[in-house]
Amino acid sequence: MSWRRLSARWSPTVAWIAIGWIVVFWRLGYASLLDPDEAHYAELTREMLHSRSWLVPLLDGKPFIDKPVLFHWLQGASVLLLGETEFAARLPTALSAIGLFAMTRWVGTALFDAEVGSLGAIMFATIPATFALASIAIFDMVFALFLFGALGCLLVAAKRSSIATECWGYVLLTLAVMTKGPVALVLVGLFLGTAALVSRDTRLFLRQLHWRTGLPAVAIAASPWFLWMQWRFGDEFVKGYLLAGNLWYVTQPIEFSARAINHTFYFRAFAGAFFPWSTVAAGRGIDAFRRFRRQEPIEIGERLLWVWIAVVLGLFSIARFKLDHYIFPAAPACCLVAAHGWREAAQDVEGRLWGTRYSVLLVAGLLIVGGSFGGVALAHLNLSLSPWAFVLPLAVFAGGVALLFQSERLGWRVPAGIGALVVALLVSYATVVAVGFPALEQVRPTARVARQLARMASPTAPVGLYQLERWRGSLRYYLNRPIQRLETIDDVSAFLSRPEPVYVVMVRRDYLDLKERGVPVHALMAHRAVVGTSGRGLRRQRWGFLVVVTNVQRQPQSDRQLQPYWRSRVTD
């Protein structure tokens with residue numbers, strides 16, 4: 001076998017190994033669990049395991065009804081197998097990411113062809129949202145695997161008239177409901193209804209499905225946990241889960257959240273989290289609209305993917321409570337649309353698909369501009385980063401230049417491959433892992449503080465947290481005990497006046513304020529941390545010290561050891 005044939009045979013495998021390693025598995029267990037959600041969910045899983053409460057998530061020994069239980073089962077199985085480590089907590093998410101890569105490729109191949117499937121899977125694996133969500137232990141990657149997997153199976157089943165594939169779609173949809181609740185059924189139901197209204201072709205295409213029996217079967221199959229919880233907790237379950245966990249996300253009563261409402265939030269999140277392929281998909285959308293105006297055919301698979309994107313963005317835009325990762329199930333469809341558009345634009349010798357062509361040039365320009373200003377932005381952040389951090393903006397800049405150069409050589413047409421962009425993205429992500437993860441641990445030393453405090457304090461000693469609620473999750477997890485919320489100086493004073501030894505985590509400024517007020521408080525340890533930001537627009541990180549104080553008199557030697565912290569010019 002010649003070297004060229006051997007290279008062609010093994011290059012895709014090597015490329016996927018590199019993508020899987022950099023995007024998903026490299027340093028998967030390195031960083032401590034993030035606040036607020038990652039550490040919070042890991043704590044729920046740990047308490048379920050320790051108490052053998054397999055049906056009810058627990059927090060501080062009490063039921064915490066927020067999401068269904070399937071994610072905690074998956075995470076719990078990983079922890080049982082590998083121990084209570086960050087790697088074990090994140091492994092279900094990482095494996096789900098690999099599964100979603102494969103699912104995206106399979107759906108793209110079935111709806112279009114193998115080239116679009118492979119290209120779409122690579123695009124999906126290299127968007128910033130996938131990089132961010134593939135290695136943190138929250139619900140979204142697992143949910144997206146089940147939900148988009150269900151959608152993909154239904155679309156492929158309709159195209160191939162395969163009852164077995166359709167049944168697998170309903171199985172995956174059941175798992176999606178058991179992961180994040182009825183929103184999965186709502187999304188698929190809205191998709192089927194919207195697709196039936198779009199055109200006669202899509203209506204006839206989906207008529208192959210037995211959704212009138214399939215969707216009720218999903219509801220019945222997923223219902224045992226919900227029915228048991230309703231029987232076990234009654235009105236508490238209705239208010240804590242059905243209302244607070246579902247309906248209030250749409251209506252957002254003031255007692256649930258006081259966040260400002262912004263109905264364009266998800267369109268901006270779509271553009272940024274799925275970049276650069278969201279830009280290409282937008283260009284493809286322009287070409288598809290022009291083709292529709294000319295009454296030229298658009299492949300039914302592409303039309304249905306557009307419907308799915310619109311349903312996901314539309315539903316969550318209507319909802320008044322918003323988090324950017326809620327729209328992640330639309331990412332595989334976005335990337336498949338972009339892949340289909342890229343491939344057709346690369347073959348367009350007449351220049352009719354100018355929407356996609358200009359979108360690719362826009363991507364090159366944005367990368368060049370972003371890379372040019374990225375170095376300035378990194379320096380402005382005040383994170384004391386290694387010089388290697390500047391590889392990131394250089395990679396972004398180089399990717400844009402390479403794409404622009406390729407396009408210019410082809411007469412400003414779309415290149416056949418996306419290698420330059422993929423390499424630039426992977427180098428950027430590798431820089432984040434190699435340089436950014438250690439910096440992140442320095443920025444938020446909550447795991448180190450909690451572990452050190454756990455060694456110094458008795459297992460039953462009360463611990464409080466003063467005005468640092470955003471770090472409660474990780475402190476709670478690594479201390480392995482409840483943490484009392486303290487909101488005012490009076491709360492802190494009352495907490496420290498308790499007869500037994502107690503400990504409070506706060507910033508240095510508040511510790512000094514307590515000393516000035518004459519509160520009998522003693523500093524036990526201090527760790528440098530980012531405690532806020534300053535400025536507008538591109539903000540600088542404001543460094544200070546995270547301090548653990550106690551009501552127990554300490555040795556003078558320890559006081560002298562902490563003097564350098566109090567004399568530091570770093571302000572809280």
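Ring planes of Trp26 and Trp21: parallel class, angle under 30° (limits at 30 and 60°). Ring-plane geometry between Phe131 and Tyr429 is classed as parallel, the angle between the planes falling under 30 degrees on a 0 to 90 degree scale with a further cut at 60. Relative orientation of the Phe270 and Phe274 rings is perpendicular, given thresholds of 30° and 60° on the angle between their planes.
In this structure, CG on Leu313 lies 5.0 Å from CZ on Phe267, to the nearest 0.5 angstrom. Atoms CZ and CD1, on Phe292 and Ile298 in that order, are 7.5 Å from each other to the nearest 0.5 Å. Note that NE2 of His340 and CZ of Phe112 are 5.0 Å apart. Values are rounded to the nearest 0.5 Å. Residue Ile309 holds its CD1 atom at 10.5 Å from CZ of Phe191, rounded to the nearest 0.5 Å.
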- side chain to side chain donor-acceptor pair (under 3.5 Å) between Glu441 and Ser32, intermediate numbers included: CA-CA 7 Å; Glu441 290 298 281; Ser32 55; 3.1 Å; yes
- Query: Should Arg303 and Ser199 be marked as a side chain to side chain donor-acceptor pair (under 3.5 Å) after you check the CA-CA gap, both sets of side-chain angles, and the distance that decides it?
  - Reply: CA-CA 10 Å; Arg303 275 183 277 170; Ser199 69; 3.3 Å; yes
- Item | salt bridge (charged side-chain N to carboxylate O under 4.0 Å, His left out) between Asp324 and Arg268, intermediate numbers included | CA-CA 9 Å; Asp324 50 9; Arg268 291 183 283 112; over 6 Å; no
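Put simply, the side chain of Leu175 does not reach to within 4.5 Å of the side chain of Leu145, judged on heavy atoms. With a 4.5 Å cut-off on side-chain heavy atoms, Leu147 and Trp308 count as touching. Side chains of Phe124 and Leu119 form no contact here, defined as non-hydrogen atoms less than 4.5 Å apart. Side-chain contact between Val432 and Phe437: present, with at least one pair of heavy atoms (C-beta onward) separated by less than 4.5 Å. Under the 4.5 Å side-chain criterion, counting only non-hydrogen atoms from C-beta, Leu304 is not in contact with Leu151. Considering only heavy atoms from C-beta on, Phe328 comes within 4.5 Å of Leu100 through its side chain. Cys334 places none of its side-chain heavy atoms less than 4.5 Å from the side chain of Val337. Side-chain atoms of Val218 and Leu185, non-hydrogen and from C-beta on, do get closer than 4.5 Å to each other.
Ionic pairing of Glu302 and Arg291 is not present here: no N-O contact between side-chain nitrogen and carboxylate oxygen is shorter than 4.0 angstrom. Asp287 and Arg290 are joined by a salt bridge, as a carboxylate oxygen and a charged side-chain nitrogen come within less than 4.0 angstrom of each other. Of the charged side-chain nitrogens involved, at least one lies within less than 4.0 Å of a carboxylate oxygen, so that Arg343 and Asp113 count as a salt-bridged pair.
A donor and an acceptor atom, one from each side chain of Arg105 and Ser118, are located under 3.5 Å apart.
In this structure, the ring-ring contact (aromatic ring centres under 6.0 Å, His included) partners of His40, at least two apart in sequence or on a different chain, are Phe64.
Minimum heavy-atom separation, Gln75 to Pro92: CA-CG, 3.8 Å. Closest of all the heavy-atom pairs between Ile136 and Glu38 is CA-OE2, 3.3 Å. The nearest pair of heavy atoms linking Ser278 to Ala271 is OG-O, 2.8 Å.
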